[in-house]
Amino acid sequence: MLRFYNSLTRKKEDFIPIIKGKVSLYTCGPTVYDTAHIGNFRTFLFEDFLKRVLLARGFEVYHVMNITDVDDKTIQKSVAEGKPLSEITEYYTNLFKQDLSSLKIIPADVYPAATEHVDAMIQMIEQLIEKNHAYVTKDGSVFFSIDSYKNYGALTRLNMDKMQHSDRVSTDEYSLDNPQDFALWKAYKDEDGEVFWESPWGKGRPGWHMECSAMSMEYLGDHFDIHCGGVDNKFPHHENEIAQSVCAVNTPFVNYWLHSEFLLVDGGKMSKSIGNYYCVSDLLEKGMTSEEIRYNFLSAHYQTKVNFTLEKQHEAKRSIHRIMELQSRLNEIDSDLCNDFPLEVEQFNDALENNLDSPKALAVFFDWIRRINISMDEKTLSNKEASKGLKFISYFDSIYGILPKTDSVPQGVLDLSKEREGARQNKDWEKSDELRDQISGMGWMVKDTNDGPKLTPK
RNA sequence: GGCGUCGUACCCAAGUGGUCUAAGGGAUCGGUUUGCAAAACCGCCAUUCGCCGGUUCGAAUCCGGCCGACGCCUCCA
């Protein structure tokens with residue numbers, strides 16, 4: 001039985017989907033005003049892991065990830081660069097999708113963009129006004145009245161009376177019923193340039209939280225299974241989303257809220273000014289592979305902070321190597337075809353089902369690796385067990401996605417290796433070592449085994 | 001100021017009342033293997049879980065205090 005830690009109840013709960021065997025999943029996507037950084041991708045990678053576990057446990061998953069393509073930052077950028085909003089957002093949306101695919105993240109079923117769902121948002125805002133949960137201000141903005149929703153603050157348990165106001169509360173909010181009311185619709189201002197939509201309240205654009213409520217409802221229905229995001233989105237984003245959605249349709253909104261913790265870099269929050277700021281492409285350029293990035297993120301539990309440092313690449317590289325080494329050892333055995341898994345798969349699944357305990361599952365997997373290696377060293381591994389092992393590895397990788405595709409050995413390297421074998425037969429060690437260096441220079445390693453040389457990528 | 005998360009070996013990191021004299025990975029060291037290296041494989045590596053008290057037959061796990069780190073507090077995953 002799958003169990004998740006539900007942020008809403010602050011308990012680990014059995015996962016029971018609304019419709020048996022099916023899961024409706026909504027994950028907060030990026031604001032496409034700049035390149036997403038690896039902190040963002042920690043969350044997306046956690047969501048990918050969740051999805052892969054759901055799929056592996058036999059659920060049918062319908063996954064929606066929004067693209068926020070209109071907000072202050074996107075508008076600012078489009079004005080600053082003198083380009084239409086859509087040009088900016090399309091550019092960064094494409095970059096985002098490239099990064100997703102380079103990290104081997106399974107794509108969502110839909111990526112709805114906020115700007116394509118403004119009508120649905122307007123409709124929802126009208127419903128809220130009608131039910132007295134929202135009101136129009138003089139300038140033509142619409143605000144949600146948090147006093148109209150008794151359970152406001154349930155997710156984060158914030159005491160609204162004691163909250164210290166940050167100086168970001170702008171002066172034009174003096175007209176609000178409650179200074180903490182949030183915008184559903186923002187009236188047009190000059191700095192918005194060409195960005196506006198017509199609405200019953202005049203020109204303007206939707207507030208940030210609105211898109212997730214309107215789009216999740218459109219694609220997943222009023223009430224769905226899982227909503228994910230980073231912890232920082234609990235407040236205000238998710239809190240506001242709940243308020244809007246519940247008040248608009250009077251049904252429960254989301255059953256399970258899952259939040260992933262922050263990624264720290266060199267012990268602190270990533271920030272451009274400190275310079276500890278990485279994008280996926282930065283890491284790839286530094287020679288880190290997408291598998292190594294996945295390993296680093298997935299070797300910690302999603303609810304703990306991960307401190308990312310470049311030195312961790314080594315650990316990832318060695319661990320991945322170890323798995324691949326076993327895989328290639330097993331591949332050399334004539335294995336009987338069989339559909340079973342080793343016993344350890346049960347513990348492995350238990351760990352995953354227990355709130356996605358990926359480090360624990362990894363530990364089980366590495367325990368199994370040691371057992372099989374010992375058994376192979378003692379030459380007591382049966383063909384059937386070898387076959388089970390290969391199945392286990394591929395099942396493992398269907399969830400972690402950390403084994404790179406193995407390249408076939410280039411002909412040039414094969415030729416050199418053959419030449420080196422000749423030199424070794426003649427005990428011409430000098431020439432042999434020279435050829436080994438040459439092969440190494442081409443990115444391949446030679447291992448001299450009892451069955452002849454084996455070539456592996458470095 | 002309010003709310004919250006966390007502190008486990010040299011590093012990373014599970015475990016949240018008994019099977020814990022605490023998984024797993026990396027590094028180091030020792031060994032097997034090897035023409036030699038490299039790689040691979042095996043073994044070793046915390047009587048102890050930030051500190052101090054308490055509850056309990058029993059605590060890394062629960063409670064209180066202290067110290068330390070980090071985050072959120074109106075548009076940052």
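Because only heavy atoms are used, hydrogens play no part in the values below, and waters and symmetry mates are left out as well, while side chains stay in. Per chain, numbering begins at 1; letters A, B, ... match sequence-line order.
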query = So, does the side chain of A:R436 form a donor-acceptor pair with the base of B:A38 at under 3.5 Å?
reply =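 No pair found.
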Among [options], which nucleotide has an atom closest to any side-chain atom of [X]?
X	options	answer
A:K73	B:G35, B:C76, B:A13	B:C76
A:H314	B:G26, B:G4, B:G43	B:G26
A:S319	B:A13, B:U5, B:G26	B:G26
A:K360	B:C76, B:A14, B:C41	B:A14

query = Given side chains that start at C-beta, do those of A:F235 and A:L155 come closer than 4.5 Å, heavy atoms only?
reply = no
Nearest whole Å is fine: how far is [N] [atom2] from [X] [atom1]?
X	N	atom1	atom2	answer
A:L264	B:C70	CG	P	9 Å
A:D428	B:G35	CG	C1'	12 Å
A:D367	B:G15	CG	P	15 Å
A:Q303	B:A13	CD	P	15 Å
A:H301	B:G7	NE2	P	12 Å
A:N354	B:A23	CG	P	19 Å
A:L263	B:A69	CG	P	20 Å

Determine: side-chain N/O of [X] to OP1/OP2 of [N], distance under 4.0 Å, yes or no.
X	N	value
A:T304	B:G7	no
A:H237	B:U74	no
A:R318	B:A40	yes
A:R322	B:G25	yes

Which is true for [X] with a 4.0 Å heavy-atom rule: it touches a base, it touches only sugar-phosphate, or it touches nothing?
X	value
A:K454	nothing
A:N373	sugar-phosphate
A:V446	base
A:K305	base
A:Y295	sugar-phosphate
A:R370	sugar-phosphate
A:R371	nothing
A:R420	base

ask   = Mapping A:E325 and A:G229 to their closest nucleotides on RNA chain B, which lands nearer the 5' end?
value =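 Going by which nucleotide is closer to the 5' end, it is A:E325.
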Which residue lies more 5' along RNA chain B, comparing A:N240 with A:K447 via nearest heavy atoms =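 Whichever sits nearer the 5' end wins; that is A:K447.
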inquiry  = For the base of B:G24 and the side-chain ring of A:F366, does the geometry meet a stacking cutoff of under 5.5 Å between centres and under 30° between planes?
reply    = no
ask   = How are the rings of A:Y135 and A:F143 set to each other: parallel, tilted or perpendicular (split at 30° and 60°)?
value = parallel
inquiry  = With side chain to side chain contact (heavy atoms under 4.5 Å, CB included) as the test, pick out the partner of A:T31 among A:I67, A:T74, A:D72.
reply    =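 Considering A:I67, A:T74, A:D72, a side chain to side chain contact (heavy atoms under 4.5 Å, CB included) with A:T31 is found only for A:T74.
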request  = Quick one: closest heavy-atom pair of A:S245 and A:M124, and the distance?
outcome  =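 In this case the closest contact between A:S245 and A:M124 is CA-CE, 3.8 Å.
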